[in-house]
Amino acid sequence: MASTSVLAATGQTWKLAVAIGGLAAGSIAPLWPEATGLDWTSGSVLAVAAYAFGTLAIRCPACGNRWFWEAALDAGLYRPLFRASACPKCQRDFGGAGRG
């Protein structure tokens with residue numbers, strides 16, 4: 001991910017990592033239920049919860065727009081989240097200022 005992305009500039013890459021990690025764990029861990037302790041039901045719940053976390057928690061600090069929720073509705077918004085330094089909705093440029 002580019003260091004100039006709006007996700008990196010606002011300090012929200014950890015939220016993306018948690019969402020991706022939960023989706024991966026919920027999707028892959030049930031393949032080995034004896035070793036992981038996750039069956040298909042609990043793995044599905046984990047994956048859905050991780051997806052919901054990503055879509056609800058990753059948002060613009062300025063306008064509150066939920067970036068991944070909007071991107072789920074319009075896939076063309078994913079590229080600006082990873083390449084641009086401004087919010088796709090309010091156009092506030094976060095430059096390199098780290099935020100939480």
Closest non-hydrogen atom pair, Leu81 against Ala71: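 Closest approach of Leu81 to Ala71: CD1-CB, 4.4 Å.
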
Which heavy atom in Thr10 sits nearest to a heavy atom in Val6, and how many Å separate them?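 Closest approach of Thr10 to Val6, heavy atoms only: OG1-O, 2.8 Å.
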
If you look only at distance, which donor and acceptor atoms sit under 3.5 Å apart when one is on a side chain in residues 37-46 and the other is two or more places apart or in another chain?
from	atom 1	to	atom 2	distance (Å)
Asp39	OD1	Thr41	N	3.4
Asp39	OD1	Ser42	N	2.8
Asp39	OD1	Ser42	OG	2.7
Ser42	OG	Asp39	N	3.1
Ser42	OG	Asp39	O	3.3
Ser44	OG	Trp40	O	2.8

Thr36: which residues meet the side chain to side chain donor-acceptor pair (under 3.5 Å) condition with it, sequence neighbours left out?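 In terms of side chain to side chain donor-acceptor pair (under 3.5 Å), with neighbours along the sequence ignored, Thr36 is linked to no residue.
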
Is Trp69 isolated, or which residues cluster with it under the ILVMFWY side-chain rule of less than 4.5 Å, directly or via members?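 Listed partners: Leu73.
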
Partners of Ala47 by side-chain contact (heavy atoms from CB on, under 4.5 Å), sequence neighbours excluded?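 Here the qualifying residues are Leu23, Ser27.
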
OG of Ser85 to CZ of Phe94: how many Å apart, nearest 0.5 Å?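 Answer rounded to 0.5 Å: 9.5 Å.
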
In a table with atom names and distances, give each donor-acceptor pair under 3.5 Å that connects a side chain of residues 50-67 to protein atoms at least two apart or in another chain.
from	atom 1	to	atom 2	distance (Å)
Thr55	OG1	Tyr51	O	3.2
Thr55	OG1	Ala52	O	3.1
Arg66	NE	Leu56	O	3.4

